[in-house]
A.B. asks: 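Got a structure for you, questions after.
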Protein chains: 2
Amino acid sequence: MATTRKRVTLLDVARHAGVSRATASLVVRQSPLVGETTRQRVVEAMRSLGYVYNAGAARLRRGTSRTVGVIVPNLRNPFFAEMLDGIETVFDTEDMAVMLANTHEDRAKQDAFVRRMREHDVDGVIVCPAAGSDESFLETTDTLGLTVVQALRWISQDRSDYAGTNYADGMRQAVEHLKELGHRRIAFVAGDRQHSAFRDRLEGYRNAIGPEAETIVVKVPLTHEDGRALAGTLMRQTPPSAAICFNDVVALGLLRGLFDLGVDVGRDFSLVGFDNVPEAALSRPALTSVTTNPFAIGEAAARLLLRRLADPEGAPKRTIEPTRLVIRESTGPCPESQAHAPKRRG
Amino acid sequence: MATTRKRVTLLDVARHAGVSRATASLVVRQSPLVGETTRQRVVEAMRSLGYVYNAGAARLRRGTSRTVGVIVPNLRNPFFAEMLDGIETVFDTEDMAVMLANTHEDRAKQDAFVRRMREHDVDGVIVCPAAGSDESFLETTDTLGLTVVQALRWISQDRSDYAGTNYADGMRQAVEHLKELGHRRIAFVAGDRQHSAFRDRLEGYRNAIGPEAETIVVKVPLTHEDGRALAGTLMRQTPPSAAICFNDVVALGLLRGLFDLGVDVGRDFSLVGFDNVPEAALSRPALTSVTTNPFAIGEAAARLLLRRLADPEGAPKRTIEPTRLVIRESTGPCPESQAHAPKRRG
DNA sequence: CTGAAAGCGCTTACAG
DNA sequence: CTGAAAGCGCTTACAG
């Protein structure tokens, strides 16, 4: 159990070392103004007294807290966990502390978190805005005087820094890969949430499909279960010969659902996911997927915030990580273009 | 961009409302001592001035920060992300802020985080100790006067609260399930890290196997790749007829590796994972796995910390979540006990 | 290089 | 129910 003792203050340290409090403060902050022997004495006093720096008191006086907030919509999605890892890694090397909040895509919670973080005096926040967030969120943070960097999803790229990834280009690569394999009826399995990461992909899909081919957009919640259940409805009537999924979570569900129906993915049907999660390499067939590097996005967001804190003025900046299609076993030539009817096992 | 303005203080609010600072403070803290009309006036003043409570200043005076630290060894493991979700959910309802750190299993980092958090004056920390942590870690936190709750892995159950899950019993269920299917040579695919979550499983395995059967422990890093690569070595010579994996990550890798070798898992070989991650239901064959509920463990850890903060004295407490075997397609009768030689697909 | 003083924004007794 | 004062532990000028 932790024993609660009276706090050792800088004044205690100063007395013990026989110097003034100001001098002790300089030693704590590694100032070069203090002579080596004095410094040694103070350091020794800190050690023998068990002194712990009180960041809160310093922050009060100094006005900066060396603390940042991170707000994500869904911790359970490994994608965000990895992005968080990237953010955390950068701030760790800066000796800054990270305050975390999970909105579960709830905008009211998001507003509450932003305020709480402001009350705890974070220097700034990185936020992946909850679905449906609009400019009013940025007005809230403005009113609070809170510096914000948007990550992965953006509300406005004119009002605030943004670190993202090139979803549209990833989508283009996926569509072109399928077109080269002869596919013409390519579905986009989208989520049911409104945010830029959805709109960017959708736009990329529409542009890449082009006017000559048909556009097929189906919206389902982005879960394994919904992906799996989707297989039945997708294969009814005149089914597409290929599908691109919003993320690997829904793609992996759909893959299993198609297997349950006896569809031989990679031969009868082609499937592409997004995010290239580690499991994508393990599925049967292994999933073709668009790599988006969440760790790098997290790092980039953290650096944008650091930059902005160092230089609050200046135009909004953004960084866009590249995406890349990783081709595996789940995509293959369109059976129809080879003049075969789709085959089914069993 | 956030505009930095001079901070609005409680004194500004008090003046604007025509009351004293103390009265304004009482309103902020929702004290019943203030009359309704006065309260209204103060609230209105806060609103029109855009007042933001300064938690840091309050903490300095009051000595409690309404902030807790959470230290995990590996954010990328979905298991910890889910536990974190549970922790965060509880503290959110308590209006407390969560400070996050990721040790990457590095004990030196762990010590640094604990100190940093102490400097930021967290009320306590929840920590899943990095592999190899020993009592010296608890001595460090003791010296810092920091209240700690251990989660998932424990260093000592006598010195500090602990929230975990019943790994030994989960292991017992897994072994007995396999024994009932006729398996006698059952391997335990363990990780290469030293911590209680490993020792608990190992002990459960040894006890459940019993003296009549052979004990086969193989240690590999707990990654998809190492699991996949393990298939070759595991099936050489006189292979076991079944394996229980430390977690689903390595199990899913091994499953794919066995498929690559032509082993028909569920018939020729039986495989059990731990954690029952969502992907376990999706693999082919779907993976039999032991459910450990990380969200519930996270919630339990958070409640233990809340309890301890409210009542610092009292014996260390612990909560153990139950585990449960979920049987799917990856386990089946032992071929040898049916007098068949293991079959391999072409 | 060091010391004495003021102040960051709150809360806590203590009077009234 | 309200007001004046002190203090939480630090940092920041300002002298020396």
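A note on names: the letters A, B, ... follow the listed sequences, proteins ahead of strands, and every chain is numbered from 1. As the structure is a prediction and not an experimental result, all values here were calculated from the model.
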A.B. asks: In whole Å, what is the span from the CG atom of Asp121(B) to the C1' atom of dC10(C)?
C.D. replies: 14 Å

A.B. asks: Check the distance between dG16(C)'s C1' and Leu33(B)'s CG and give it to me in whole angstrom.
C.D. replies: 15 Å

A.B. asks: Is a side-chain donor or acceptor of Thr319(A) paired with a backbone partner of Ala300(A) at a separation under 3.5 angstrom?
C.D. replies: no

A.B. asks: For Gly35(B) and Leu10(A), find the nucleotide of DNA chain D closest to each by heavy atoms; which residue's nucleotide sits nearer the 5' end?
C.D. replies: Gly35(B)

A.B. asks: Take the protein atom CG of Leu26(B) and the nucleotide atom C1' of dC14(C), then report the distance between them rounded to whole Å.
C.D. replies: 14 Å

A.B. asks: Tell me whether the side-chain N/O atoms of Ser25(A) come closer than 4.0 Å to OP1 or OP2 in dT12(D).
C.D. replies: no

A.B. asks: Can a side chain N or O of Ser20(B) be found less than 4.0 Å away from OP1 or OP2 on dA4(D)?
C.D. replies: no

A.B. asks: Using a 4.0 Å heavy-atom cut-off, does Arg59(B) contact any base of the nucleic acid, only the sugar-phosphate backbone, or nothing at all?
C.D. replies: nothing

A.B. asks: Name the closest nucleotide to the Ala58(A) side chain, picking from dC10(D), dT2(D), dC10(C).
C.D. replies: dC10(D)

A.B. asks: Are Gln40(B) and Glu44(B) linked by a side-chain donor-acceptor pair shorter than 3.5 Å?
C.D. replies: no

A.B. asks: Walk me through whether Phe79(B) and Ile297(B) qualify under side chain to side chain contact (heavy atoms under 4.5 Å, CB included).
C.D. replies: CA-CA 10 Å; Phe79(B) 185 93; Ile297(B) 298 170; 4.3 Å; yes

A.B. asks: Could you tell me whether Val19(A) contacts a base, only the sugar-phosphate backbone, or nothing, with contacts defined as non-hydrogen atoms closer than 4.0 Å?
C.D. replies: sugar-phosphate

A.B. asks: Quick one: Arg21(A) CZ to dG7(D) C1', roughly how many Å, whole number?
C.D. replies: 11 Å

A.B. asks: What is the separation between atom OH on Tyr51(A) and atom P on dG9(D), rounded to the nearest whole Å?
C.D. replies: 10 Å

A.B. asks: Determine: side-chain N/O of Arg62(A) to OP1/OP2 of dG9(D), distance under 4.0 Å, yes or no.
C.D. replies: no

A.B. asks: Within the pair Thr38(B) and dC1(D), is there a side-chain N or O less than 4.0 Å away from OP1 or OP2?
C.D. replies: no

A.B. asks: Need to verify one output field. Residue with the more 5' nearest nucleotide on DNA chain C, Arg29(B) or Asn54(B)?
C.D. replies: Asn54(B)

A.B. asks: Need the pair for dC14(C). Rule: Watson-Crick or G-U wobble, both distances under 3.5 Å, any strand; none if unpaired.
C.D. replies: dG3(D)

A.B. asks: Separation of Arg61(A) atom CZ from dG7(D) atom P, in whole Å?
C.D. replies: 19 Å

A.B. asks: For the pair Tyr162(A) (side chain) and Leu152(A) (backbone), establish whether a donor and an acceptor sit closer than 3.5 Å, ignoring hydrogens and angles.
C.D. replies: yes

A.B. asks: Grab the CG-C1' distance between Leu60(A) and dA6(C) for me, whole Å please.
C.D. replies: 13 Å

A.B. asks: Determine the sole option in Arg107(A), Glu105(A), Gln110(A) for which the side-chain hydrogen bond (donor to acceptor under 3.5 Å, both in side chains) test with Ser133(A) is passed.
C.D. replies: Gln110(A)

A.B. asks: If each of Ala57(B) and Ala22(A) is mapped to the nucleotide of DNA chain C with the nearest heavy atom, which maps nearer the 5' terminus, i.e. the 5' end?
C.D. replies: Ala22(A)

A.B. asks: Tell me: OH of Tyr53(A) to P of dC8(D), nearest whole Å?
C.D. replies: 18 Å

